[in-house]
Amino acid sequence: MASLAPLATTRASEPFVVMAKPVGPICNLQCGYCYYLDTTRFYDRPHQFRMSDERLETYIRQYIEASPGPVVHFVWHGGEPTLAGLDFYRRAVELQQRYLPAGAACWNNLQTNGTLLDEEWCSFLAEANFKVGLSIDGTRWLHDAYRKDHEGKGTYERVRAAARRLQAHGIQPDLLCTVTPEVANEPDSVYRALRDVGTGWVQFLPIVRRGSDGNVTADSVTPEAYGRFLCRVFDLWAHNDIGKLNVQLIAETTLVWAGGTASLCWMAPTCGRVLVVEHDGAVYSCDHFVTPEYRIGDLDTAHLGALADAPSQLHFGTDKRDQLPAQCRSCPYLAVCNGGCPKDRFALTEDGEPGLNYLCGGLRQFFAHADAPGHKVVQRVRAGVAPEAIMVELRADSMERWRGVGRNDPCPCDSGRKAKACCWWSRP
């Protein structure tokens, strides 16, 4: 192993975030749609998937040195990061406090499947003020269809128990739900199941994967199904849960429409400021690009701040903006999409130009559907109108939009489909 002697301190030119993978792609589940487990093939010694204490210290020191501050955001990801063990995170917190300069603070987020979170884990996470992201795919049958352990057993009940345990310790986890074709067909039950967990925050992550032939896999959601799903989720939220529940995409979209800047990297004009540090100290451009061609260096031979500003990484980030096809540049929703995640930009535009987001049709459907009511929410909130009054207005607007619409008429959700084949059964 190369020497881990301190390198010259290098503060990055702009803030950046690192997703640390303390056990690499190793996981105690075998989720059918996982895009990350396959990266084990890039390693010669797959049994050594654990970040050493020495490398952990190097990572924490370099990240704190490189961060403009005053808050340094540590994100622990995987695989399943709890497999590193509780002592690993106790050590991480100790090191953070050792290297933090006066006046600075740390923010820790653990993204987990929750199956290992017992009382001891939850007590530590609460005491150390960790934020927790918990993966749960809506209802039991949808979750257990894909999120199985190594014995092929579903994990829904274990995850729900983890959510209750976290809440008992004062932690309201962010719920992360993947959108497969099956989930997309059940927007009402999925939304209500997640809302009823009572954490106040939900995000939906579309599954888009391609096989070796370049075609999307069967577990990938289609643009049309994704669009219908998002439209229905927006209506359920707008009619029932404003001020009670935050849905990440809705919150980020209305933030942009209110004049703010989205915090989601895929919605930003450029990317490249969310790096990955693997268990072996290798640094990659992005969580979705942990492959040899996107390896930008390692902590042994370069400082993390220098890697964040490396020419190859800056180029990776600006490519998102510079390679936008003309169809995207003229889109009325460019400000809230910016072409989406580069990993999904493999479709062709209407004119045959490459670089269109595979999910474009669904995202456009959602933005068009949410446009008028979303702007109304922004306006009413600014005017100090209470959430319940806003929801009354939006429910009335929705009923008016459906007035006179028959089964064979175009659906008011702007999908282009007949109402009977789209939102007919979920109309107000």
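Any value given below was found using the heavy atoms of this structure, including those in side chains, with hydrogens, waters and symmetry copies removed.
Dense packing is recorded around NE2 of His375, with more than 12 heavy atoms of other residues, nucleotides or ligands lying under 6.0 Å away. In this structure, Glu119 places its CD atom where more than 12 heavy-atom neighbours from other residues, nucleotides or ligands lie under 6.0 Å away.
By the side-chain hydrogen bond (donor to acceptor under 3.5 Å, both in side chains) test, Thr253 is found to be paired with no residue, residues two or more places apart in sequence or in another chain being considered. Every side-chain hydrogen bond (donor to acceptor under 3.5 Å, both in side chains) that Tyr191 has, sequence neighbours left out, goes to Asp241.
Counting all heavy atoms, side chain and backbone alike, Phe316 lies closest to Gly272 at CD2-CA, 4.0 Å. When every heavy atom of Thr139 is checked against every heavy atom of Ala193, the shortest pair comes out as CG2-CB, 4.0 Å. Between Ala126 and His169 the shortest heavy-atom distance is CB-O, 3.4 Å. Taking each heavy atom of Arg160 and Val197 in turn, the nearest pair found is NH1-CG1, 3.9 Å.
A salt bridge links Lys376 with Asp397: the closest approach of a Lys/Arg side-chain nitrogen to an acidic carboxylate oxygen falls below 4.0 angstrom. By the 4.0 Å N-to-carboxylate-O rule, Asp188 lies close enough to Arg192 to be salt-bridged with it. Taking a cutoff of 4.0 Å between a charged side-chain nitrogen and a carboxylate oxygen, Glu224 and Arg364 do not qualify as a salt bridge. With respect to the salt-bridge test (charged N to carboxylate O, under 4.0 angstrom), the residues Asp298 and Arg295 qualify. Electrostatic pairing of Asp344 and Arg210 does not count as a salt bridge here, judged by no charged N lying under 4.0 Å from a carboxylate O. Here Glu94 pairs with Arg91 in a salt bridge; the nearest charged N to carboxylate O distance falls below 4.0 Å.
Note that the CE atom of Met391 and the CD1 atom of Ile242 stand 6.0 Å from one another [nearest 0.5 Å]. A distance of 5.0 Å separates CG in Leu307 from CD1 in Ile296, rounded to the nearest 0.5 Å. With rounding to the nearest 0.5 Å, the separation of CD in Gln172 from CG in Leu134 is 11.5 Å.
The ring pair (Phe, Tyr, Trp, His ring centres under 6.0 Å) contacts involving residues 92-129 comprise His73-Trp107, Tyr89-Trp121, Phe124-Phe130, where partners must be two or more places apart or lie in separate chains. Pairs passing the ring pair (Phe, Tyr, Trp, His ring centres under 6.0 Å) check and including a residue from residues 199-231, sequence neighbours excluded, read Phe204-Phe229. The ring pair (Phe, Tyr, Trp, His ring centres under 6.0 Å) pairs that include a residue from residues 335-356 are Phe346-Tyr358, where partners are two or more places apart or lie in different chains. Under the salt bridge (Lys or Arg N to Asp or Glu O under 4.0 Å) criterion, no residue pair touches residues 124-139, with sequence neighbours excluded.
Defined by atom type and a distance below 3.5 Å, a donor-acceptor pair is present between the side-chain atoms of Gln96 and Asn108. Counting only N and O atoms by type, the side chains of Thr217 and Asp219 include a donor and acceptor under 3.5 Å apart. Counting only N and O atoms by type, the side chains of Thr180 and Tyr146 include no donor and acceptor under 3.5 Å apart. Judged by distance alone, the side chains of Gln111 and Ser135 do bring a donor and an acceptor atom under 3.5 Å apart. Using a 3.5 Å distance cut-off with no hydrogens or angles, the side chains of Asp149 and Thr155 do not pair a donor with an acceptor. A donor and an acceptor atom, one from each side chain of Glu80 and Thr112, are located under 3.5 Å apart. Inspection of the Thr10 and Glu65 side chains reveals no N or O donor paired with an N or O acceptor under 3.5 Å. Asn28 and Thr115 share a side-chain donor-acceptor pair at under 3.5 Å.
Aromatic ring orientation, Tyr156 versus His143: perpendicular (interplanar angle above 60°, classes split at 30° and 60°). The aromatic rings of His279 and Phe49 lie tilted to each other, with the angle between the two planes from 30° to 60°.
Side-chain contact between Leu348 and Glu353 is absent, with no heavy atoms from C-beta onward closer than 4.5 Å.
Under a 3.5 Å cut-off, the side chain of Thr254 and the backbone N or O of Ile250 do form a donor-acceptor pair.
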Audit row: Phe16, Tyr63, ring-ring contact (aromatic ring centres under 6.0 Å, His included) steps and yes/no: CA-CA 10 Å; Phe16 69 104; Tyr63 190 23; 5.4 Å; yes

Intermediate values then yes/no, side chain to side chain donor-acceptor pair (under 3.5 Å), Ser263 and Glu252: CA-CA 7 Å; Ser263 62; Glu252 295 284 340; 2.5 Å; yes

Phe289 and Tyr284: CA distance, side-chain angles, deciding distance, ring-ring contact (aromatic ring centres under 6.0 Å, His included) verdict: CA-CA 7 Å; Phe289 293 86; Tyr284 294 85; over 10 Å; no

